[in-house]
Amino acid sequence: GVRLVGSEMCIRDRHQILSNLILNARDAIPKEGVIEIRVRCEEDFVFLEVQDDGSGMSPEAAERAFEPYFTTKALGQGTGLGLSTVRGLAQELGGTLTLESTLGRGTRVRVALPKRELAVEGDGQSAEVSLAPLNLVVLIVEDRPEVLRAVELLVKRLGCRAILSLIHISEPTRRTP
């Protein structure tokens, strides 16, 4: 097994970030669509990206997306706190958040968090966090087994079914003259 390392609050914050981003992506898709979740490690940061092919936002709406109580959803469909909460949690964890959106084409949100906040260890279980199940199927494609398992845990704790694909990326070969 894999264990997410950190305080229960830190683990809850990461779940809340992922949950809010997935819920926003789901709500932006009118009937059927795709939500892509990517995790990438670089130097001192782990990048979490959630992208949907939903309705997207106008430049004006995207500019205001992180404002508390701002929503593009119909009356009674949202609180307008999802993305502002994600931004606040990312900042508390020492990270950053960016959003790209195109009206009619979808939205991509990237969260960069320091690796120290997303450490992964072998064997064990993470703190229990209760969240309402999302009932989605998520395809996770990764080249490192430990990252694949950590993302699988996050996705399953959100009430989603995970389909795992461990890929092998070969190193480029050098040719000598």
Side-chain angles (χ1 to χ4, degrees), residues 4 6-118 129-142 147 150-151 153-160 162:
L4 298 172
S7 67
E8 183 176 341
M9 177 61 92
C10 179
I11 292 167
R12 188 180 315 276
D13 289 349
R14 293 186 305 237
H15 280 85
Q16 188 68 52
I17 287 170
L18 189 58
S19 178
N20 283 10
L21 292 177
I22 292 172
L23 286 170
N24 275 5
R26 181 202 63 189
D27 292 349
I29 298 172
K31 291 185 182 189
E32 289 185 6
V34 174
I35 299 172
E36 295 179 36
I37 302 169
R38 295 182 192 91
V39 177
R40 181 173 98 261
C41 296
E42 286 183 14
E43 296 182 21
D44 295 333
F45 282 86
V46 173
F47 295 89
L48 170 66
E49 182 177 296
V50 176
Q51 180 175 342
D52 66 68
D53 64 355
S55 56
M57 292 182 263
S58 68
E60 297 79 20
E63 194 172 301
R64 297 188 59 205
F66 298 116
E67 292 178 16
Y69 306 108
F70 176 79
T71 183
T72 59
K73 297 174 187 173
L75 187 61
Q77 297 297 309
T79 62
L81 292 173
L83 288 177
S84 65
T85 299
V86 169
R87 182 178 62 181
L89 292 172
Q91 289 173 342
E92 283 179 27
L93 294 171
T96 60
L97 184 72
T98 59
L99 179 139
E100 299 168 11
S101 190
T102 304
L103 193 57
R105 303 194 98 192
T107 300
R108 176 185 320 179
V109 179
R110 290 186 182 117
V111 181
L113 296 172
K115 275 187 182 177
R116 64 180 162 69
E117 296 295 349
L118 290 170
V129 179
S130 6
L131 299 167
L134 298 177
N135 298 318
L136 300 171
V137 177
V138 178
L139 171 63
I140 306 167
V141 180
E142 178 54 46
V147 174
V151 174
L153 280 174
L154 286 171
V155 166
K156 284 184 173 181
R157 289 191 189 277
L158 290 170
C160 300

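Computation of the quantities below employed the complete heavy-atom set of this structure, encompassing side-chain atoms and omitting hydrogens, waters and symmetry-equivalent molecules.
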Quick one: closest heavy-atom pair of Ile35 and Arg26, and the distance?
-> CD1-N, 3.6 Å
Minimum side-chain heavy-atom gap Arg64-Glu60 below 4.5 Å = no
Considering only heavy atoms from C-beta outward, does the side chain of Val111 approach that of Val50 to under 4.5 Å?
-> no
Check for a donor-acceptor pair, side chain of Asp53 on one end and backbone N or O of Gly33 on the other, with a separation under 3.5 Å.
-> no
Note: Arg108-Glu36 ion pair, threshold 4.0 Å (strictly below) | no
Heavy-atom side-chain proximity of Leu97 to Ile17 below 4.5 angstrom | no
Check whether any side-chain heavy atom of Arg38 lies under 4.5 Å from a side-chain heavy atom of Gln51, and answer yes or no.
-> yes
Minimum heavy-atom distance between Leu103 and Ser58, given as atom pair plus value | CD1-N, 3.8 Å
Straight-line distance of Leu23 CG to Leu18 CG, nearest 0.5 Å = 9.5 Å
Distance-minimising heavy-atom pair for Asp52 and Ala25 = OD2-CA, 3.5 Å
Side chains of Leu113 and Leu48: does their closest heavy-atom pair fall under 4.5 Å?
-> no
With a 4.5 Å heavy-atom cut-off, do Asn24 and Val86 have their side chains touching?
-> no
Between Ile140 and Ala162, the two heavy atoms sitting closest are CD1-CB, 4.0 Å
Can you see which heavy atom on Phe45 is nearest to which on Pro114, and at what distance?
-> CD2-N, 3.6 Å
Quick one: salt bridge (Lys or Arg N to Asp or Glu O under 4.0 Å) partners of Arg105, sequence neighbours excluded?
-> none
Interatomic distance, Thr102 atom OG1 to Met57 atom CE [nearest 0.5 angstrom] | 10.0 Å
Minimum-distance pair of heavy atoms, taken over all atoms of Ala65 and Leu83 | O-CB, 3.5 Å
Might you confirm whether atom CD of Glu67 has over 12 heavy atoms from other residues, nucleotides or ligands at distances under 6.0 Å?
-> yes
Distance in Å, Leu99 CG paired with Arg110 CZ, rounded so as to fall on 0.5 Å steps = 10.0 Å
Output, in order, the C-alpha distance, side-chain angles, deciding distance and verdict of side-chain contact (heavy atoms from CB on, under 4.5 Å) for Val34 and Ile29.
-> CA-CA 8 Å; Val34 174; Ile29 298 172; 6.0 Å; no
